Amino acid sequence: AKVNKKETSNRKATIVIEHLIQASDVAHTMQHWHVYVKWNRKLFHEMYTAYANGRGEKDPSEGWYEGELGFFDFYVIPLAKKLEECGVFGVSSEEYLDYAKANRSEWESKGKGLVKQYLEDYRKNHAGKPGSERSSVGPSETSSSTREQDSL
């Protein structure tokens, strides 16, 4: 069957919209370094709070550095390239790609230290508060009634 111009145009528009939705979720990675770090820190603290309160099984500080590198390499930078290719942001598209690459490079050199700082900041700001440190009882050791309550 022959695809008409309207169908082709609609498909292209749908792809561009999908790219925009994806970009809106990770826009901080394609902005100035200080914007990226601000939102990265907030996400880390949110994930660490969940872990400290027993709602997350894995300590996010383990692998956060490496995870961000992979996120840039396999999601953010390819997405920024797609945005540049479709030209939806005009000349700014190249700027977003440049910021993504620069932030990835900066993270590679400073990320390990930042993760340590995120963890120190978290512990300093949550010292003595309930749930500030994960209890010694892991998820596999909790009672079945606790797990049932958590799933409600």
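Quantities reported herein were computed from a predicted structural model and do not represent experimental measurements.
Note on M30: it does not cluster hydrophobically with I17, by side-chain heavy-atom contacts below 4.5 Å among ILVMFWY residues. L79 and F71 fall within the same hydrophobic cluster, defined by Ile, Leu, Val, Met, Phe, Trp and Tyr side-chain heavy atoms under 4.5 Å apart, directly or through other members. Under a hydrophobic-cluster definition in which Ile, Leu, Val, Met, Phe, Trp and Tyr are linked whenever side-chain heavy atoms come within less than 4.5 Å, directly or via other members, V16 and L97 are assigned to the same cluster. If you chain together hydrophobic residues whose side chains sit under 4.5 Å apart, L69 and V76 fall into the same group. A single hydrophobic cluster is seen to contain both L20 and Y75, as judged by linkage of ILVMFWY side chains at heavy-atom distances under 4.5 Å, directly or through other members.
In this structure the side chain of H32 reaches within 4.5 angstrom of the side chain of Y99, judged on heavy atoms. In this structure the side chain of V91 never reaches within 4.5 angstrom of the side chain of E95, judged on heavy atoms. Side-chain contact check for V26 versus F72: every heavy-atom pair is 4.5 Å or farther apart.
The NE2 atom of H28 sits 9.0 Å away from the CG atom of N103 when rounded to the nearest 0.5 Å. The distance from atom CZ of R55 to atom CD of E57, rounded to the nearest 0.5 Å, is 13.0 Å. Taking OG from S92 and CG from D98, the interatomic distance works out to 11.0 Å, rounded to the nearest 0.5 Å. Distance check: K112 NZ to K116 NZ gives 8.5 Å after rounding to the nearest 0.5 Å. The CG atom of N40 lies 8.0 Å from the CG atom of L114; values are rounded to the nearest 0.5 Å. For the atom pair NE2 (H45) and NE2 (H126), the distance works out to 7.5 Å, reported to the nearest 0.5 Å.
Contacts of F44 classified as ring-ring contact (aromatic ring centres under 6.0 Å, His included), with partners at least two apart in sequence or in another chain: Y48, W64, Y118. Contacts of H19 classified as ring-ring contact (aromatic ring centres under 6.0 Å, His included), with partners at least two apart in sequence or in another chain: none.
Exactly one of R104, E106, E68 qualifies for a side-chain hydrogen bond (donor to acceptor under 3.5 Å, both in side chains) with Y36. That residue is E68.
Think of V35 as one node in a network of Ile, Leu, Val, Met, Phe, Trp and Tyr side chains linked at under 4.5 Å; its network also takes in W39.
Between the side chain of Q31 and the main chain of A27, a donor-acceptor pair closer than 3.5 Å is present. For the pair T14 (side chain) and N10 (backbone), a donor-acceptor distance under 3.5 Å is present.
Salt-bridge formation is not detected for the pair E46/K42: no Lys NZ or Arg NE/NH1/NH2 atom is positioned less than 4.0 Å from an Asp or Glu carboxylate oxygen.
Taking the six-membered ring where the residue is Trp, W107 and W33 present tilted rings, their angle falling between 30° and 60°.
The two residues S61 and V115 come nearest to each other via the heavy atoms O-CG1, 3.9 Å.
Within 6.0 Å of CD on Q117 lie more than 12 heavy atoms contributed by other residues, nucleotides or ligands.
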